[in-house]
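Side-chain atoms are counted along with the backbone in the values below, which use heavy atoms only and exclude waters and symmetry mates. In what follows, chains are A, B, ... by sequence order, proteins preceding strands, each numbered from 1.
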Amino acid sequence: MRLSRYFLPILRETPKEAEIVSHRLMLRAGMMRQEAAGIYAFLPLGLRVLQKINAIVREEQNRSGAIEMLMPTIQPADLWRESGRYEAYGKEMLRIKDRHERDMLFGPTNEEMITEIFRAYVRSYKDLPLNLYHIQWKFRDEVRPRFGLMRGREFLMKDAYSFDRDQAGAVHSYNKMFVAYLRTFARLGLKSIPMRAESGPIGGNLSHEFIILADTGESEVYCHKDYLDFAVPGADVNFDNIAGLQGIVDKWTSLYAATSEKHDAANFAKLPADKQVSARGIEVGHIFYFGTKYSEPMKAVVAAGDGSEKPVHMGSYGIGPSRLVAAIIEASHDEAGIIWPEAVAPFHAAILNLKQGDAATDAACEQLYRDLSAKGVEVLYNDIDERAGAKFAASDLIGVPWQVMVGPRGLADGKVEVKKRADGSRELMSPAAALDRLSR
RNA sequence: CGGGGCGUAGCGCAGUCUGGUAGCGCAUCUGCUUUGGGAGCAGAGGGUCGCAGGUUCAAAUCCUGCCGCCCCGACCA
């Protein structure tokens with residue numbers, strides 16, 4: 001992409017409404033624009049990151065056996081009257097009337113709708129287990145939206161819903177998501193730690209929040225240091241191996257880990273002093289087993305095999321991709337701007353033409369741009385007629401992992417300079433070597 | 001929803017107390033000079049001063065009402 005033909009409205013100064021670093025950097029980097037409190041438009045650069053995140057989330061959901069679909073944002077109120085949540089949900093639910101005065105709502109979540117879809121088609125336990133998910137915009141009319149995308153009213157959520165014939169099956173479905181989440185966050189370049197959350201109606205430990213550590217995170221978390229070095233399950237993990245998955249989950253829940261709400265200072269103090277980690281974190285995922293809470297009132301039942309019909313056991317599993325955009329920035333930035341993990345970077349590399357208009361420099365940039373593009377490298381070519389300093393600052397701000405600086409000084413020796421955004425290291429090399437390095 | 005604050009050019013702000021030609025920096029446009037870490041000079045364009053009433057010869061400024069946004073708290077994926 002040529003910057004001169006792109007839409008990247010970089011701000012030199014920080015809009016005053018932005019308090020936390022991810023919000024500031026997203027606005028400055030031209031990633032998003034606020035349209036109302038807690039409601040944002042994604043600009044092209046922000047969308048690229050969001051889509052990278054979605055792709056990874058999707059791959060790991062699919063790998064675990066979940067099946068993608070897409071439910072609407074607008075839902076009929078009657079569905080929620082069946083579960084009793086239409087009255088219970090309160091003012092966080094955005095309620096709408098259509099032209100026929102029918103009660104509608106902008107979905108804050110989809111348990112009711114997925115249960116309705118399930119019961120319409122599935123009759124037999126033989127069709128289970130089933131896990132359906134979608135990635136769709138949600139709306140929760142928070143009293144006080146804040147922190148940019150971290151706590152918006154409209155947000156993108158991946159929500160999966162599992163259906164099993166009994167609790168044992170549901171636990172396995174839960175474990176699949178647990179492992180898929182470990183893999184997802186690791187691939188996003190994040191250290192995630194599962195922390196016990198409020199238990200479901202059946203009791204037990206079957207609700208976990210996935211917290212990523214970030215110095216500027218919103219909440220205090222406490223955990224055993226060894227979590228930071230736990231190996232994340234590989235891509236070859238067998239999701240059908242019930243005992244194997246349980247073993248992974250057991251390991252990842254064996255040590256102390258709690259958010260401030262569930263923190264038990266006395267138990268935490270029992271850990272060896274050098275193993276106590278007290279840090280700040282951001283919740284980026286939440287998984288939940290809730291049994292027959294919806295299947296029973298909404299009559300989502302299957303033939304159990306013994307002549308009877310039984311309500312299915314369900315769980316739901318959320319990840320917030322739009323929040324993750326902000327969370328990744330909170331976890332990965334410096335004074336100059338964003339430092340994207342390579343897996344989610346909007347572009348892999350940037351070419352900085354340090355002397356626009358100089359024939360040799362222009363030609364070298366054009367050639368490198370063509371060569372990188374031909375190799376499938378996502379590259380942003382800064383071909384704007386502005387000073388080198390401005391290009392350095394802009395590249396650092398938007399956080400592209402690799403910068404290739406091309407100018408007359410280096411070209412005199414047949415060299416360009418490749419800079420790694422993450423650590424600032426630079427290396428002089430030939431354009432051919434740069435091409436090789438960046439297209440690996 | 002309680003408490004606090006802010007709405008003046010695309011962004012950041014001054015001007016409001018004490019009413020009297022709407023300003024500054026950055027950005028944008030033109031020209032010249034510059035060109036390896038956010039250049040310099042000269043010039044230009046751009047504003048219903050959040051909205052609606054009211055007071056006044058005169059309102060960004062005073063009064064009343066409303067709207068929007070931000071921060072702290074309570075609450076939350």
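The pair A/Arg187-A/Glu59 meets the salt-bridge criterion, with a side-chain N (NZ, NE, NH1 or NH2) lying under 4.0 Å from an Asp/Glu carboxylate O.
Nucleotide B/C29 is matched to B/G43 when pairs are restricted to Watson-Crick or G-U wobble geometry with both distances under 3.5 angstrom. Partner assigned to B/G73 is B/C1, using Watson-Crick or G-U wobble distances below 3.5 angstrom.
Contact annotation for A/Lys138: no contact, since no heavy-atom pair falls under 4.0 Å across all strands. Nucleic acid contact for A/Arg153: none, since no nucleic acid atom lies under 4.0 Å from a heavy atom of the residue.
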Contacts table for residues 352-359 of chain A: side-chain donor-acceptor under 3.5 angstrom, sequence neighbours left out:
unit_1: A/Asn353; atom_1: OD1; unit_2: A/Lys355; atom_2: N; d: 3.0
unit_1: A/Asn353; atom_1: OD1; unit_2: A/Gln356; atom_2: N; d: 3.2
unit_1: A/Asn353; atom_1: ND2; unit_2: A/Gln356; atom_2: OE1; d: 3.4
unit_1: A/Asn353; atom_1: ND2; unit_2: A/Asp362; atom_2: OD1; d: 2.8
unit_1: A/Asn353; atom_1: ND2; unit_2: A/Tyr381; atom_2: OH; d: 3.3
unit_1: A/Gln356; atom_1: OE1; unit_2: A/Lys391; atom_2: NZ; d: 3.1
unit_1: A/Gln356; atom_1: NE2; unit_2: A/Asp383; atom_2: O; d: 3.4
unit_1: A/Asp358; atom_1: OD2; unit_2: A/Thr361; atom_2: N; d: 3.0
unit_1: A/Asp358; atom_1: OD2; unit_2: A/Thr361; atom_2: OG1; d: 2.6

Less than 3.5 Å apart, which donor and acceptor atoms pair up between the side chains of residues 410-420 of chain A and the rest of the protein, not counting sequence neighbours?
unit_1: A/Lys419; atom_1: NZ; unit_2: A/Asp396; atom_2: OD1; d: 3.1
unit_1: A/Lys419; atom_1: NZ; unit_2: A/Asp396; atom_2: OD2; d: 3.4

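Nearer the 5' end of RNA chain B, as judged by each residue's closest nucleotide, is the contact made by A/Met405, out of A/Ala36 and A/Met405.
Residues of residues 406-420 of chain A having a heavy atom closer than 4.0 Å to RNA chain B, listed by number: A/Gly407, A/Pro408, A/Arg409, A/Gly410, A/Glu417, A/Lys419.
Atom CZ of A/Arg280 and atom CD of A/Glu330 lie 10.5 Å apart (nearest 0.5 Å).
The base of B/G4 is not paired with the side chain of A/Arg144 by any donor and acceptor separated by under 3.5 Å. The base of B/G10 lies outside donor-acceptor range of the side chain of A/Arg33, with no N or O pair under 3.5 Å. For a distance-only test at 3.5 Å, the side chain of A/Glu13 fails to qualify as a donor-acceptor partner of the base of B/G38.
Annotation: B/U48 and B/U8 have their C1' atoms spaced 12 Å apart (nearest Å). Across B/C70 and B/C29, the matching C1' atoms stand 33 Å from one another, rounded to whole Å. Nucleotides B/C6 and B/G19 have their C1' atoms positioned 23 Å apart, rounded to a whole Å.
Ring-to-base geometry does not place A/Phe392 in a stacked arrangement with B/G38 (centre distance under 5.5 Å, plane angle under 30° required).
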